[in-house]
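In what follows, a single structure is set out as structure tokens and then discussed.
Note that the structure is predicted; figures quoted are calculated from it, not measured. Note that these values count all heavy atoms, side chains included, but never hydrogens, waters or copies made by symmetry. Just so we're on the same page: letters track the sequence lines, and every chain starts at 1.
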Amino acid sequence: MKLDTLTDAIGMIDDDLIVNAAKPRKIRQKRHRLPVIAAAAAAAVCLTVGASALAARNTHLLDSFFGNEGADQVSMAELPAPVVYETGDVTLTVETEIDDGMNRLYLISAADRNGNPPDFMDMMSKTVHADGSLTQFGTGGFGFGYHPADEETAARPEYLAYFVEYADREDSDCYLTFRGFPDIRIPIQPEQNTPVAEFSDGSDTVYRLSCFELVYTGTEAPAGFQEPVGEPVNEPERWLIYADGTKKQLDNQSAGITELRDENGNPTGQYRAYYSHKEYLDISDVTAVEIGGTVYPRK
Amino acid sequence: MEDSQIVALYLERNEQAVQETAAKYGGYCMRIARSILRSEEDAAEIVNEAYLSVWQSIPPNQPETLTAFIGRITRTLCLKRLRTAYAAKRGSGETTAALDELAECVGSGQNVEQEIEAKELALRINCFLQGIPETERSIFVCRYWYFNSISEIASQFGFSQSKVKSILFRTRKKLCDMLREEDLI
């Protein structure tokens, strides 16, 4: 297809689409914010919001994040209350946190002094370790912006999600912070020992499955990945097999691979690859995973 | 004056039709032309061409929505001008940036899709756009139909520029997926 063909085709879309897009819009000036912080302060202020209506709120957040009803599977009583961090420039809210046994997910929203979301793309996070060392994008984890796009969710601030991987974390006294906002320090909560399903066919290949992602570890880069790091180019089909014999194909939101290294930075010969789910999964009845045609039973 | 009255003037071959069109849609056409050509002089020239083209098109056409009809003619003339001007050397600017973004969705150009008529493709794109949320749809149309800049769209919708970029990225990805699923790229 030629680019001209596509631009010409777009030129021929229905009249109502053309007319509607050109209509003046009523811009929402007031965005949803937690009504707890009044005055701006030079130093960051941290408050914990009361727990009233928390369960419903968190359900809604997780629904919007995962785009499914998966939030129903989370025990709301275990989710912490939102915590608001305020500087003179930005209000940043840790809306909720979830532990999946391998990672801790932070759902974070932010608003500037006018109530508008700051440019998240410029707000790179770091994990600050107890010894003062820094790690970009969490400890071996990653972050990304999430922008609810439909009419309903667009009324709320944008969300950042941060997955902090426990596997690579050696100290327990670290926190997230953001470029330009050094006073904001979000403590990374300790691991909660949430169960994770492990699958293996007896070889050194192990797959670990949580509600957020499927993680591979083994001595070879799994099929589809270009060694030694990067994103998959041709992913194998991945299926969950349930106790009743039904199967569900996994579709990842993102994926990546790292070559594990020891404390001196030398390769260990082990690879770790992740496929983060597009939806929040209940893994309790999964008895096996099938990856590229090979079945790995649950250990 | 109502669109139907203006169209009636065209059908009567009454030259007042052009004056009424210019009075009602001159600003709209200029906005489209400015967005694409980024030149006041070129935009004014194209808009005059658009009036002439509408005069030559009605009859036989009898558009129900004059806004879309004249807007579409203006856009087509602008792109034609742009393609001629950039045939030898691609330039920079907002329209080129938008076209570069769209190029992600068209593949290498070596496929059988070269044979697919834009009209047929437009039907698929219509279905695609009807199936996504209104905000995404309008932002897509603003960017790739009207060729508005990211900052203009951000201002129009009250979003940050990063949010607009993100919505466009996601929408393009969905469009690419749809085109792939339909074996169009």
I need the [X] [atom1] to [Y] [atom2] distance, nearest 0.5 Å.
X      : Y      : atom1 : atom2 : result
A/I10  : B/I125 : CD1   : CD1   : 5.0 Å
B/T67  : A/D16  : OG1   : CG    : 11.5 Å
A/L6   : B/L175 : CG    : CG    : 6.5 Å
B/L66  : A/D15  : CG    : CG    : 10.0 Å
B/Y144 : A/I13  : OH    : CD1   : 13.0 Å
B/L123 : A/M12  : CG    : CE    : 9.0 Å

Compare all side-chain heavy atoms of B/R75 with those of A/I18 and state whether any distance is below 4.5 angstrom. no
Flag if over 12 foreign heavy atoms under 6.0 Å of CD, B/Q5: yes
Would you say B/E41 has more than 12 foreign heavy atoms packed within less than 6.0 Å of its CD? no
Between [X] and [Y], what is the shortest heavy-atom contact and its length?
X      : Y      : result
A/A21  : B/S138 : CB-O, 3.9 Å
B/W145 : A/G11  : NE1-O, 3.2 Å
A/A9   : B/A122 : O-CB, 3.3 Å

For the side chain of B/R137 and the backbone of A/L17, is there at least one donor-acceptor N/O pair under 3.5 Å apart? no
Which atoms of [X] come close to chain A, meaning under 4.5 Å heavy atom to heavy atom: side chain ones, backbone ones, both, or neither?
X      : result
B/Q130 : side chain
B/F140 : side chain
B/T65  : both

Heavy-atom pairs under 4.5 Å with chain B: which of A/V19, A/D14, A/D8 has the most? A/D14
